[in-house]
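Note that this is a predicted model, so its numbers are computed, not measured. Order of the sequence lines fixes the chain letters, A, B, ..., with proteins taken first and strands second; residue numbering starts at 1 for each chain.
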2 protein chains.
Amino acid sequence: MNIGTASEKSGLPAKTIRYYEDIGLLRPDRADNGYRDYSMSDVHRLRFLQRSRSLGFSVEQCRQLLSLYGDKERESADVKAIAETKLVEIDRKLAELTELRNTLRHLVHNCHGDARPDCPIIDGLSGRMQTQ
Amino acid sequence: MNIGTASEKSGLPAKTIRYYEDIGLLRPDRADNGYRDYSMSDVHRLRFLQRSRSLGFSVEQCRQLLSLYGDKERESADVKAIAETKLVEIDRKLAELTELRNTLRHLVHNCHGDARPDCPIIDGLSGRMQTQ
DNA sequence: ATAAAGCTTCCAGTAACTGGAAGTTCAAGG
DNA sequence: CCTTGAACTTCCAGTTACTGGAAGCTTTAT
């Protein structure tokens with residue numbers, strides 16, 4: 001499939017997909033006309049990149065994560081070690097995201113939603129805090 | 001407190017903290033010697049920035065999120081609208097992160113962890129997929 | 001008093017895109 | 001078949017969000 005279709009399916013702009021190829025994150029086939037030709041496997045890699053990038057992993061971390069999928073020659077123990085390291089990181093991110101959500105939820109539910117500026121959460125968080 | 005202490009407490013490099021000041025994300029006091037002087041409230045903003053940036057929110061999104069905390073003049077209905085928009089985004093990120101974790105967990109648990117390269121998950125995900 | 005550590009500003013470099021120009025190829029309509 | 005517009009190509013320049021380093025001032029520790 002062409003880059004436009006791959007872009008739609010992966011949620012990444014075509015520009016970014018070409019950039020990822022430049023820095024060696026994937027290597028699509030080329031059709032006779034010179035157009036890039038993406039397989040479903042390529043699209044999976046792209047979606048994976050889209051997701052992990054948007055979650056705050058660096059491109060180099062994504063490259064590591066991708067290697068878990070792509071490299072059949074890689075030893076399983078190695079895969080396991082990398083995956084386990086990343087799992088710790090992901091769990092930390094999950095906890096932080098949950099905390100952020102709770103804060104915002106609280107904000108939404110405890111504020112009046114009208115024109116009164118005396119929101120208790122904002123007051124609580126923005127004021128001078130002496131607690132530690 | 002000085003920038004070094006604020007850096008420790010927030011988890012952000014001093015360089016980044018100064019940069020955030022440059023682009024108007026916070027405005028610490030200055031001591032008589034010209035040193036920046038951070039309050040606990042500043043540190044809270046910094047920690048909040050650290051967290052939301054590492055979770056893939058852009059600086060501009062962080063600026064919006066921060067406005068929920070900082071601006072007492074802001075109307076509550078406005079706060080509520082922004083918070084609710086961000087909540088949807090956070091929930092999406094949570095779902096994606098959970099999915100990513102499940103994939104990796106599966107990878108960790110189903111692989112042999114020895115030197116055999118025939119991990120079923122890698123085989124499943126990296127191979128040519130005909131499914132859609 | 002002097003050295004090291006920490007602070008200041010400023011300027012240049014990097015990572016990860018992103019936009020735009022200039023040209024080629026393809027799919028649709030006349 | 002011809003043309004027109006969308007989608008593709010490469011290349012180069014610009015943006016965002018830092019990051020490193022120089023040059024100099026202030027504080028702390030011996």
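- What separates CG of A:Asp37 from C1' of C:dT25 is a distance of 15 Å, to the nearest Å.
- A:Ser10 has its side chain within reach of A:Ile17: a pair of non-hydrogen atoms, C-beta onward, lies under 4.5 Å apart.
- Comparing atom distances between the B:Arg18 side chain and each of C:dT8, D:dT19, C:dA16 picks out C:dT8 as nearest.
- OP1 or OP2 of D:dT19 sits under 4.0 Å from a side-chain N or O of B:Thr16.
- Close to D:dT10, at under 4.0 Å from its OP1 or OP2, lies a side-chain N or O of A:Arg30.
- Between C:dT24 and A:Asn33, no contact under 4.0 Å exists linking OP1 or OP2 to a side-chain N or O.
- Taking atom OH on A:Tyr35 and atom C1' on C:dG23, their separation rounds to 11 Å, with Å as the unit.
- With D:dC11, D:dT9, D:dG21 as the choices, the nucleotide that has an atom nearest any side-chain atom of A:Lys15 turns out to be D:dC11.
- Between B:Asp32 atom CG and C:dC7 atom P the separation is 17 Å, expressed in whole Å.
- No side-chain heavy atom of B:Glu60 sits under 4.5 Å from any side-chain heavy atom of B:Gln64.
- The interatomic distance linking A:Arg63 (CZ) with C:dA15 (P) rounds to 11 Å, in whole Å.
- Between B:Tyr19 and D:dT16 there is no side-chain N or O to OP1 or OP2 distance below 4.0 Å.
- Remark: P of D:dA13 and CG of A:Asp22 are 16 Å apart, rounded to the nearest angstrom.
- Taking atom OH on B:Tyr38 and atom C1' on C:dT8, their separation rounds to 11 Å, with Å as the unit.
- Remark: B:Arg47 does not engage A:Glu99 in a salt bridge, criterion side-chain N to carboxylate O under 4.0 Å.
- Contact check, B:Tyr20 against D:dC18: a side-chain N or O comes under 4.0 Å of OP1 or OP2.
- Atom P of nucleotide D:dA17 and atom CD of B:Gln61 are separated by 10 Å, given to the nearest angstrom.
- Using a cutoff of 4.0 Å between basic side-chain nitrogens and carboxylate oxygens, B:Glu96 and B:Arg92 are scored as salt-bridged.
- In this structure, B:Arg53 reaches the sugar-phosphate backbone alone: every heavy-atom distance under 4.0 Å involves primed, P, OP1 or OP2 atoms, never a base.
- Checking the phosphate oxygens (OP1, OP2) of D:dT10, a side-chain nitrogen or oxygen of A:Arg36 falls inside 4.0 Å.
- A:Glu21 is not listed as a side-chain neighbour of A:Arg27, based on a closest heavy-atom distance of 4.5 Å or more.
- One atom, CD of B:Glu21, and another, P of C:dC7, lie 14 Å apart when rounded to the nearest Å.
- Residue A:Ile23 is classed as having no contact, given no heavy-atom separation below 4.0 Å to the nucleic acid.
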